[in-house]
S.K.: 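Handing you this structure, nothing more for now.
These values consider heavy atoms only, across backbone and side chains, with no hydrogens, waters or symmetry-generated copies. Numbered from 1 within each chain, the chains take letters A, B, ... in sequence-line order.
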Amino acid sequence: ERLHQHQAQSPKSHLYSVSPKTTGFHKKPRSEVRKCRKVYGMENRDQWCTQCKWKKACSRFVD
DNA sequence: GATGCCGGGTC
DNA sequence: GACCCGGCATC
Ligand SMILES: [Zn+2]
């Protein structure tokens, strides 16, 4: 797991083999992860990606 | 208490 | 399809 996934953009690309859902593997401990919500905060929810707004798996920072 | 997410809900 | 929260796993 934890492959060098330098995507951080283009969720349209083939992001297979690099997702906790598709791989079945685990995710980063939220000690390191910094996705839309933690980065921008509830005060700037309009800057989050759509998936984060809906409390779904982040599509910008693919983890 | 908070992030991050699925399951479930509204329109 | 676009939009969102309750409750959970996890820290
Ligand atoms: Zn996001």
Side-chain angles (χ1 to χ4, degrees):
Chain A
E1 62 177 318
R2 242 128 289 182
L3 307 173
H4 30 59
Q5 48 190 269
H6 278 108
Q7 303 209 310
Q9 205 89 17
S10 306
K12 304 174 183 299
S13 302
H14 303 142
L15 52 83
Y16 277 92
S17 309
V18 60
S19 231
K21 291 179 65 85
T22 48
T23 59
F25 273 73
H26 222 226
K27 304 189 269 218
K28 294 179 167 147
R30 285 181 296 267
S31 324
E32 293 189 17
V33 71
R34 286 190 67 83
K35 303 192 182 179
C36 303
R37 197 152 86 184
K38 196 179 295 191
V39 171
Y40 301 107
M42 304 284 310
E43 319 308 286
N44 299 302
R45 199 170 141 169
D46 58 321
Q47 301 174 49
W48 303 1
C49 77
T50 307
Q51 294 302 97
C52 282
K53 279 180 177 174
W54 303 341
K55 303 207 307 190
K56 305 282 181 195
C58 186
S59 55
R60 176 178 295 169
F61 305 105
V62 182
D63 181 13

S.K.: Let's test your reading of the model: under 3.5 Å, does the base of B:dG4 pair with the side chain of A:K53 as donor and acceptor?
M.R.: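 Looking at the base of B:dG4, it does not pair with any donor or acceptor on the side chain of A:K53 (distance under 3.5 Å).
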S.K.: Heavy atoms from C-beta onward define the side chain here; which of B:dC5, C:dC4, B:dG4 lies closest to that of A:K38?
M.R.: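 Closest of the options to the side chain of A:K38: B:dG4.
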S.K.: Of the nucleotides B:dG4, B:dG7, B:dC6, which has the atom closest to the A:K56 side chain?
M.R.: B:dG7
S.K.: When you check every protein heavy atom under 4.0 Å of nucleotides 6-11 of chain C, what one-letter string (B, S, -) results, 5' to 3'?
M.R.: BB-BBS
S.K.: Does B:dT3 have its OP1 or OP2 closer than 4.0 Å to a side-chain nitrogen or oxygen of A:K28?
M.R.: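 Checking B:dT3 against A:K28, no side-chain N or O comes under 4.0 Å of OP1 or OP2.
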S.K.: Find the distance A:F61:CZ to B:dT3:P and express it as a whole number of Å.
M.R.: 15 Å
S.K.: Got a sec? Which of residues 39-50 of chain A come in under 4.0 Å of DNA chain B, heavy atoms?
M.R.: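 Listed by number, there are none.
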S.K.: If I take atom NZ from residue A:K28 and atom CZ from residue A:R34, how far apart are they, to the nearest 0.5 angstrom?
M.R.: 13.0 Å
S.K.: What's A:C52 touching, base or sugar-phosphate or nothing? Going by heavy atoms closer than 4.0 Å.
M.R.: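 Answer is nothing: A:C52 stays at 4.0 Å or more from every strand.
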S.K.: How close or far is atom P of B:dT3 from atom NZ of A:K35, stated in whole angstroms?
M.R.: 13 Å
S.K.: Taking only distance into account, with no hydrogens and no angle test, what donor-acceptor pairs under 3.5 Å do side-chain atoms of residues 44-52 of chain A form with protein atoms, sequence neighbours excluded?
M.R.:
from, atom 1, to, atom 2, distance (Å)
A:N44, OD1, A:Q47, NE2, 3.2
A:N44, ND2, A:Y40, O, 3.0
A:R45, NH2, A:K53, O, 3.2
A:W48, NE1, A:G41, O, 3.0

